[in-house]
Each structure stands twice: as C-alpha cells, then as structure tokens.
A.B. asks: 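What follows is a single structure, and I will ask about it in a moment.
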Amino acid sequence: EVVLIHIAVSCRWEEERYPEGIKWKFLEHKGPVFAPPYEPLPENVKFYYDGKVMKLSTKAEEVATFFAKMLDHEYTTKEIFRKNFFKDWRKEMTSEEKSTITNLSKCDFTHMSQYFKAQTEARKQMSKEEKQKIKEENERLLKEYGYCVMDNHKERIANFKIEPPGLFRGRGNHPKMGMLKRRIMPEDIIINCSKDSKIPAPPPGHKWKEVRHDNKVTWLVSWTENIQGSIKYIMLNPSSRIKGEKDWQKYETARRLKKCVDKIRNQYREDWKSKEMKVRQRAVALYFIDKLALRAGNEKEEGETADTVGCCSLRVEHIKLHPELDGQEYVVEFDFLGKDSIRYYNKVPVEKRVFKNLQLFMENKQPEDDLFDRLNTSILNKHLQDLMEGLTAKVFRTYNASITLQQQLKELTNPDDNVAAKILSYNRANRAVAILCNHQRAPPKTFEKSMMNLQSKIDAKKEQLADARRELKSAKADAKVRRDEKSKKTVESKKKAVQRIEEQLMKLEVQATDREENKQIALSTSKLNYLDPRISVAWCKKWGIPIEKIYNKTQREKFAWAIDMAEEDYEF
DNA sequence: CCGGCGACTTAGCAGGCAACTG
DNA sequence: CAGTTGCCTGCTAAGTCGCCGG
C-alpha cells in the first residue's frame, strides 16, 4: 500500500509504525464508570394496580420506573412495546407480584410519572451553586476515568460510562422495543490493557469477568448486551491517534479508488451483458452503489431487527420500473427503509441495459423475494477486492461523497463573495453530499416558528435600510447646499451606516436560505464520516475562511491530522 | 459456501448549555 | 438580566466487513 509521507517534523499521526495487526504496545486506563445504583422511590410515591395502591419490590419498582419515565412517549402505547415490556417486567417480579399483576392496562404509573416530572423541574430550578457542584463532579469523573495512556500519549476515551439500564427502544419498527436492557455489573466486564500497566480495580466487593492483554484490538472495555447479544465496547475518542490514523487511511483508500474508478465503471458496464446471471446482478448492484451511494446491504436475521435493507438485500417490492415517466425513459423508482429506518425514496433514470436487467431479475418473483437473489455483500466485496486492494462497497460512499464536495466547492465558490456567502456555498456543497448519502433528519420542532422569526427580522432590517438610505440622501442634499466639513462627514458616516445595514441584511438573507434548504437534511453525518477533511481545510486556506466557521471544537479535534497536513492546493 | 461472532464505523436524536436578544 | 434559541455533546443503535470453524 502506498502511504503518503508528510514532510512536517514529528507529526504524531505518523510517529510509529506497528507490525501487521498490532495496535499498541502500552495501554493503561482506570476501567469504566458504572451507572449509579437504583434509588428506591420515596414512600409517598404510589403505584396503583387495578385502582388499588400496591407497594412493589425494589427490583420490580426499578423496572416500573423505566416505564413511568416514558409514559408521555408515543411508544408506550405500541402493542409490541407493551408486550415486550410486560414480559420482561414480570421476570423481575416476586412470585406474589407476578400473580397479582397480570394485566398491564390495569397498571397506573401516573403518580410515578408526575414525581419524575417534578424531579426534572426541580433540577431545572436548581441554584447556580448546585449546578456548579454537579458540573465539577462530572469534571472530576472525566479527569479520573475519561483518559487513558496508549503508548506515549494521554488519550481521551469516547464513552467511559457504562450504559444505564432501561427499556430498549431501537429505531423504526423494532420487534424488540420495550425489552428490558439489564444493568451491567463488573462481573460482565472484560478489561483490556497491557500487562505492564496498572490494572484497573473493580468496585469493592466485585470482580471483573476477565482481564486480558490483547494488543491486536483497540478497545479498553467490553461487555455483552442482552437485547441482541452483541458486544459493546469502550474505545478512544475520534481525536486519538489510533482513530485519526484509521480515518486518514480510509480517505487514502478512497483516493486510490479515484485512480481506478473509470476502469471499474467500464468493467461493470461490460458485466451488464454477461451470460452469467450472478455477474449481471453484481454489476447492476455495483452500479447502484456507485451512482446512488447505497449501502452494501448485509442480510439480517428476520424478527431480530427492524426490516431495513441496503443494496444487496433489496427486494422486488422496493423498486418500481417505469419504461417512461415524466418525459424520461427507463426510470427506476426506489422506496425502501435503509439504516435507522430512514426512508430512501428516489426516481432515477438508468441506462437501458440496467433497466432490462432489472426486468429480468424481477421475472417470476414475488414482491418479498430478493431482487439480487444470486448476490450478497460477501460476493460483492470479494469481487471488489480483486478490482483494487482494500476496496469494499462502503469505499464508494466515501469516494463519491468526497469527490462531490470537491467538485461542488469548485463550482459554487464565487471568489468575489464575502465570507458569509462563501460559507453558504460551502454548506450547499455539503448539502449536495448529504442528499446523495440520504442523510435526513426530522424537521426541528421549532422550525416554522424560527423561520417566521427570521423573516420578521429580515423585514425589520429592510425597513431600517430604507430609513438609512433616506437619511443618506438628505445628508447628501444637505452637504450640497452647505459645502462645509461637518456635513461632508455626516454624509460619510451615513454611507457607512447604509453599508453596514446592507451587510447585516445580506447575512440574514443568507441565513434564511441556508436554513430553509437545510430543513430535512442532516449535514453533520457526512461532514464527520464521509468528507475528506483535507478538502475543507484546503478550501478554508484558499479563501481565507477561518476553519472555526466550518468545524466546531469537537470536529477540529477529530480532524487535527488534516488541519496539520493539508495545504491550500490539496487535491482529493 | 454458510452462519455466527468480533471489531470497528456510521447514524439520528434528546437534552443541556452557551450565546444571543429584547 | 431573563427568556429563548440554536448548536453541541453524549448516547447508543445500527450498520459494514473480516474471520473462523464446520
């Protein structure tokens, strides 16, 4: 693999190289912070069953409070949520409770719910001093547990707090919503650190499940979660060397794809004609992944997760073929739920050969059948590996996102614009990528209102501008008559006032446009995960835009490597 | 080739908090 | 200086992909 070596001196991103697979030589940390223990409700907070007060055992009460805290949420009304919750709740009950509490609808959590609302309210009303005290306690925790030493560096840990118990929600229509996410104990925890480090001590009276010294992985702590049975990890912050290097590598792989993408495109176009159905399916799927930035689409276990798909797992029911639509030929209409149950809806004109292939793949199939029945992500990725070392399906998303940003920035940046307008151009370029990657968000709850506020500000500013212009005009007239220094000065200051207001108005209008266009688009995901930060750094340098306008503090920390490296002439 | 597991990246959302405004 | 707003951070779910054993 070709690694570009940056010339600057002692840059930490390329300090040391490790032998294949070795991630560190020394690792020391303090272990995780556990969720605070359950505090039983005060005596006066009651739970009612079938209209009668009932005192719950501590364990049953704790789980009941999880439900009570969610009472205002729509999902406590969902059948699956209620069913799963009730089943798991009953497991925590004493046999006596179990025989009494047989119907969730007869459970009255409203008093408990009110109590928690009052608590939240009280927390808001806390004095400055009390709030300060909590803040200091959090800082102390961060200082003690939030950092580790990996090789020669003190590094920030991403998530050093263990997830507290609660009710699982999941995204979209998740079959396990409402299940009890159990409390994680030290006995569930595997500690990973180096042999010669100070090994973290478990809480008094407890033991770790295991302490291991595996320097082929990057995690510090792991445990198995009880909803899906998957492993959760405590790992380092994105600002760390280990994450930064990996991130850099990712973009370097995408840049290698840039060099051979034309060849790959020609190849899959050829493959559309293959006599082997598997090859044709692979080629059409790759075309979608490349053109539409779809995810690979691994198979999922039915009934274990929400029904979502990616490219390889698309079903016949997810696309519609239109030989002609709105004056365009060979249009494919996509409608499916992707990652996080975010809807992907798109009407795309495709090449005739793709269209004909799709018709072929759909022949004699039911709506719920796989579109690409001869294909999966493993087959696809093996093929991609043959085309380029390190190439997988997701690299196309990175590549297309980054190249789109670079192109869009070139196209949209107007050298004569002021900083605010240039930033609007940047956001528009970023937005083009977010749309490509289908990064959506729920419109902010206060969107309409805040838009109206902004509009009235703009209107007010316009009037102010008109006034200022009138004043300037009369000052000018005045100066013509008087011809003295004082009135000349007045004209100058009025001119400046007009200019200032014009700028303010322009800024507001830019802001309004930006916000409107951003209503349902999330920019941060692409910014954080798909856009080679060196493109943005170079753009800032080229146009004299302060990097703070593009990246906030966290983002600057994550992309420190790029801010270090990239010059204004950087090309992705 | 298949299924399951492990490690890691990518994802949207809620709530808190700092900055702005009136 | 209080109230509001909008951004940021933390949280944790949900993907991708490689590997292993059968």
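Quick caveat: nothing in here was measured; it's all calculated off a predicted structure. Note that these values count all heavy atoms, side chains included, but never hydrogens, waters or copies made by symmetry. Letters A, B, ... are given to chains in the order of the sequence lines, protein chains preceding strands, and every chain is numbered from 1.
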A.B. asks: Using only side-chain N and O atoms of A:Lys23, determine if any of them is under 4.0 Å from OP1 or OP2 of B:dC8.
C.D. replies: yes
A.B. asks: I'd like to know if A:Lys250 reaches the base of B:dT9 with its side chain such that a donor and an acceptor end up less than 3.5 angstrom apart.
C.D. replies: no
A.B. asks: If you pin A:Arg295 and A:Thr224 to their nearest nucleotides in DNA chain B, which one's is more 5'?
C.D. replies: A:Thr224
A.B. asks: Hey, which sits more toward the 5' end of DNA chain C by its nearest nucleotide, A:Lys394 or A:Asn237?
C.D. replies: A:Asn237
A.B. asks: Specify the separation, in whole Å, of atom NE2 of A:His439 and atom P of B:dG12.
C.D. replies: 5 Å
A.B. asks: Nearest-Å distance, CG (A:Asn438) to P (C:dG15)?
C.D. replies: 13 Å
A.B. asks: So A:His174 and A:Phe168, would you call those rings parallel, tilted or perpendicular, with 30° and 60° as cut-offs?
C.D. replies: perpendicular
A.B. asks: Within the 3.5 Å criterion, strictly below it, is a donor on A:Ser194 or A:Asn215 matched to an acceptor on the partner's side chain?
C.D. replies: no
A.B. asks: Verify the neighbour count for atom CD of A:Glu39: are there more than 12 heavy atoms of other residues, nucleotides or ligands below 6.0 Å?
C.D. replies: no
A.B. asks: Between A:Thr120 and A:Asn376, which is nearer to the 5' end of DNA chain B once each is assigned its nearest nucleotide?
C.D. replies: A:Asn376
A.B. asks: What is the separation between atom CD on A:Glu74 and atom C1' on B:dA14, rounded to the nearest whole Å?
C.D. replies: 16 Å
A.B. asks: Assign each of A:Asn552 and A:Gln385 to its nearest nucleotide of DNA chain C by heavy atoms, then name whichever residue's nucleotide is nearer the 5' end.
C.D. replies: A:Asn552
A.B. asks: Is the A:Trp208 ring parallel, tilted or perpendicular to the A:Phe34 ring (thresholds 30°, 60°)?
C.D. replies: parallel
